[in-house]
Every structure is written in structure tokens, then in C-alpha cells.
> 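Okay, here's the structure, questions in a sec.
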Amino acid sequence: MQIIDKIYIDGAFVTPHGDEPFELINPSTEQVIGRVRLADAQDARDAIAAAKRAFPAFSRTSKQERIDMLKRMHAAVLARESDLFDAIVEEYGAPISRAGWMAKHASDVLLQAAKVLENYSFTRQAGTADVVMQPLGVAGLITPWNSDAGFICGKLAAAMSAGCTAVIKPSELSAIQTRIVTEALHAADLPRGVFNIVTGRGETVGAEISGHPDVAKISFTGSTAVGKTILRTAAETLKRVTLELGGKSPFIVLDDANFDDIVPMALGAGFMNSGQACIAGTRILVPQHRLAEFEARVVEEVARTQAGNPHDPKSTVGPMVNRKQWERVQGYIRVGIDEGARLIAGGEGRPQGIDAGWFVRPTVFSDVTNDMRIAREEIFGPVLSIITYRDIDDAIAIANDTQYGLQAYVFGADKARAREVAARIEAGRVMVNTLNHEPAAPFGGFKQSGIGREYGTYGLEAFLEPQAFLAA
Ligand code: NAD
């Protein structure tokens, strides 16, 4: 049993003013594994005040000083990789292959940010004016539970690279992972108040950060509904806002595709992070005349997909993060059945032989039309929809007929043709015949998948504002 009764403000672990107790539950076993004392709005205000005090000195640190800090942070988080790995499996339920990637990603993003900073110039010329890119001020960083350490480290790295100080509000469901990251970052010996971590509820701590006049910037990753609330709250003080929100990504299978290669990739993209991924390829678009062949390969492949104990190396789909998410996903499977979609794999309930934990059967519907709720709404679980198309124009129209635009996938044998199709998709990132991440590439959504970009130079500039100097 882990007791987490401290938050991190002004370079120290302190007891929060808030005293709401919150239980942490292992999603694979439903056992209580920890108790958290949640922070409240007063704690958020204390953290913002600390970040505000730290800003004048930190914003004047040199680029080299900040690169050195990022490298120390990288080494410190790397040193805790195995603790982080254990916490990701226990608290979040990620299968070990995924948890290994997630634990490593948390330190990787710090080093990647250091590289971006090395190559970035804060000054430039515009006509006769000198332009200096200035840090925005105190940044509020609000993160979800589906990749806790990666989001904390990634957002903090970009904010600090720019010279901003930060108040971080992670998900209350990830308190054990957050504690490990906080301890690691504390060990990196940064100036007091540069980063503060306040675990509490969104409606209290998150809302306070979104509205506080001393916060200049919000970087939020989470649901589209909460993103809209944050944008409205932040408007009052005209904060700069980056929103990384939901998705309903199309995975376009072109008619020349080799299904033996592509079906495992399609399911990999769909069941990624146990389906709890904003970028999951959840709408699989298949040429009508090859549907039967595609379905047959999907059925074979799903039969080989193991949803269960995350400690088992053969498991690739772990549990949903909690009961609420499990019920939500079950609800959508029912909706799909009621809407007349045809189940070709999975269905309601837990996988066979599992009677505890928030496990879902990896599920694929066929005969889905793009107007069904299962094709329009983000499910955030391992539930995929196969939708047929007549020709390329039809495929593109279906792919783009969504309020979202975070990521898309185009797979086909003719690379040039696949790239042409990709150019017609409305999404911030289009993956052509690959599932590999590129850390230097901008990441973010078109349409209601968000505002702004993260990663690389684009992510750094989200925490900067140009200031022009004109002299006689
Ligand atoms: P969520 O929106 O419920 O919560 C995200 C964070 O916001 C949490 O820390 C939460 O406590 C906080 N929050 C909640 N209400 C708030 C409020 N009123 N004011 C300020 N903060 C508030 O999302 P979640 O359930 O934690 O995560 C799942 C969602 O995140 C999915 O919709 C998914 O698509 C999205 N997501 C997006 C990306 C991306 O990069 N685009 C990545 C991962 C997850």
C-alpha cells in the first residue's frame, strides 16, 4: 500500500492544504494499492506563486544552462526507469512491452528537448528589427492518465526549454507514477519553484490553474470536452493555449495493400495502449470488393491478440484504467450492436477466463457506417470499426467526415499513391506505411482534436512569443 500525502511546491515535498482522500486501484486486480491526499485550489495558488517567484531568474538563464538542466533531468528520470516501469504496469495496467516503451519515453523526451534547444536560435532579424523569442511566463501543464510520465516530462521539457516555469496538474489516477517522476526531477537539482507538481482534481486544481491571472500559458492533453472548458476559462485572461485532444483516426487500407503485412499493423494502430490512445486508428477503411478477405485476416489476427495479465509477455492489451472507463467501453460495444454493426471479433464482457480486472475483449465491428456513434465518438478502448469505401474519393470523404483530425494512417503497396492520398487527409499527422514516431515532427490536431503543436521546434515555440526591437 502506497501512501501519497505530499505534493511538490517550491523545490520541496509538502503536505497539501487539500485533504480529500482518493484510492488508487490496480486495474488488473481491482485491489486497492494506494491512498492519495489530493491537493485543492489553495495548493494550486501556492504552486503558481512559487512558479511566479522563480520566473524572473529562470527566464534569464542561458540556453546552455537550460540544456544542462534538461540533461540532468534526463539522467535522473532514466535512473528511475525500472521503478517507473513497475508503477506503469501496476497502477495503469500497461502490458510489459508497452510499459517498457512508456518508461523509456519519459526520459527520451527530455533529451530530445535538449537537442531541439541546441539547434534553436532565440533571436532573428525581421527587416531592420531585431526579434527575440521570449518565454511566456508561468505555464500550467495539465495531463491525462494514459501516459502520465511521458506527458509530464514532455510538457515540462518544452516549457523549461523556452525559459518558462511550470505548475503541473497530472491525473489523480496516476499518483504513483507521478511521485516517481517528481522524485527523479527533484534529484536533478533545479532552481526552486521552476517546476511544481500538484495532484488534485480537474474541477478544483485544474480549474484554478486555467483561470489564474498569473498563469500565462496552458498546455493541456485530455478530452475534447475538458479542452473546451479550459479554453473558455483561459479566455478571461487571454492565456496562450495548446490543446491536445481526442481523435477518431482513420486507417485507410488501399486496394493494392498486402493484407498479410497490413492487418497486423491496422490492429497494432487500433489496439495501441490497450485502445486508450488519442491516436488509435479506430476507423479502418477497406475497399468494398476486398472486405471478406480483410475480415478473414482480422478474425485470425484478433484470435492471436491476448488481452489479459499485463505481466504476461504475450499480452498486448491490458485493462482499462478504471471501472468508469470499462463501463464506458462496454456501453459503446452495446451501442454498436444496437446500431446494427456486425461483430466479427470480441464483444461485451471480459475476455474468457478472466473474472476480475477492467479487461475488455478486443473487439472489431464490420458493416459500420460513418454515421454510427461507434464511428463518430471516441471510445478510448480496444473497439474498432471497419467501414467500406467504393473508390479513393469515397475513402477520403469518409476519412475526413469527422469532427476530429489528430492522426491518420494510409497503407498501400504503391508508395507514391499512398502519399498522394495522405495529402488529402485533414489530420495533424499522417502515417504512410509506418507506425514509427518521429520526435522532431510536430504533433497536434486539426479541427476539434486541438489547437497548436507539441514536439520539436514547434513545441518549443508554443511557450515563446516574439518581441521586436526597432531602433533608430
Ligand atoms: P480528461 O479530459 O478527463 O482529463 C485530462 C486532465 O484534465 C486530467 O488531469 C483532469 O483531472 C483534468 N481536468 C478535468 N477537468 C478539468 C477542468 N474542468 N479544468 C482543468 N482540468 C481538468 O481526459 P482523461 O480521461 O484523463 O484522458 C483521456 C482523454 O485524453 C481522451 O479523450 C484522449 O483522446 C485524450 N488524449 C489526447 C492526447 C493528445 O495528445 N491529443 C493524448 C492522450 C490523451
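What you see is a predicted model; the values in this text were computed from it and never measured. Note that ligands are numbered from 1 as they come in the structure, with each ligand's atoms numbered from 1 the same way.
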> Under a 4.0 Å heavy-atom limit, does Q276 contact ligand 1 with its side chain, its backbone, both, or neither?
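For Q276, there is no contact with ligand 1 at all, from either part.
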
> Could you tell me whether E426 and K248 make a salt bridge, using a distance below 4.0 angstrom between a side-chain N and a carboxylate O?
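No, E426 and K248 are not salt-bridged.
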
> Please identify which atoms of ligand 1 are closer than 4.0 Å to at least one heavy atom of N146.
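Numbered from 1, ligand 1 contributes 43 (C), 44 (C).
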
> So if I count the atoms of ligand 1 from 1 in the order they appear, which ones are less than 4.0 Å from some heavy atom of G246?
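That gives atoms 34 (O) of ligand 1.
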
> May I ask you to identify, for E454, whether its side chain, its backbone, both or neither come under 4.0 Å of ligand 1 on a heavy-atom basis?
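The answer is neither.
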
> Among A280, G247, G202, G140, which residue places a heavy atom closest to atom 18 (N) of ligand 1?
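Among A280, G247, G202, G140, the closest heavy atom to atom 18 (N) of ligand 1 comes from G202.
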
> Measure across H437 and P439 and return the closest heavy-atom pair with its distance rounded to 0.1 Å.
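What the structure gives for the nearest pair is NE2-CA, 3.7 Å.
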
> Does either side chain, that of D46 or that of Q42, offer a donor lying less than 3.5 Å from an acceptor on the other one?
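Side-chain D/A pair, D46 to Q42: present.
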
> If you count the atoms of ligand 1 from 1 in the order shown, which ones are under 4.0 Å from a heavy atom of E172?
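Those atoms are 11 (O).
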
> Nearest heavy atom to atom 36 (N) of ligand 1 wins, so pick from G428, C278, G150.
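Considering heavy atoms of G428, C278, G150, the nearest to atom 36 (N) of ligand 1 sits in C278.
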
> May I ask you to list the atoms of ligand 1 that are less than 4.0 angstrom from any heavy atom of L245?
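Near L245, meaning under 4.0 Å from one of its heavy atoms, ligand 1 has 34 (O), 37 (C), 38 (C), 39 (C), 41 (N).
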
> Given that the side chain starts at C-beta and the backbone is N, CA, C, O, which of these parts of I230 lies under 4.0 Å from ligand 1, counting heavy atoms, or is it both or neither?
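Within the 4.0 Å criterion, I230 contacts ligand 1 through side-chain atoms alone.
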
> Using the ring of F463 (Phe, Tyr or Trp, six-membered ring only), decide whether K217 places NZ or CZ under 6.0 Å from its centre and within 45 degrees of its axis.
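Judged by the rule, K217 and F463 form a cation-pi pair.
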
> Could an N or O of ligand 1 be found under 3.5 Å from any N or O of Q325, whether backbone or side chain?
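In this structure, Q325 places no N or O atom under 3.5 Å from an N or O of ligand 1.
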
> Run down the list I209, T242, V226, N273 and name the one with the heavy atom closest to atom 16 (C) of ligand 1.
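Comparing heavy atoms across I209, T242, V226, N273, the nearest one to atom 16 (C) of ligand 1 lies in V226.
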
> Give the atom numbers and elements of ligand 1 that come within less than 4.0 Å of a heavy atom of F443.
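Those qualifying, in numeric order: 40 (O).
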
> Compare L141, T143, L173 and give the one whose heavy atom is closest to atom 6 (C) of ligand 1.
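Heavy atom nearest to atom 6 (C) of ligand 1 belongs to T143.
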
> Kindly compute the distance separating CD (E339) from OH (Y332), expressed to the nearest 0.5 Å.
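Nearest 0.5 Å value for the CD-OH distance: 9.5 Å.
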
> When you measure from atom 11 (O) of ligand 1 to each heavy atom in E378, K169, R201, which option holds the nearest one?
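Closest candidate by heavy-atom distance is K169.
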
> Which part of L406 is near ligand 1, with near meaning a heavy atom under 4.0 Å away: side chain, backbone, both or neither?
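Within the 4.0 Å criterion, L406 contacts ligand 1 through side-chain atoms alone.
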
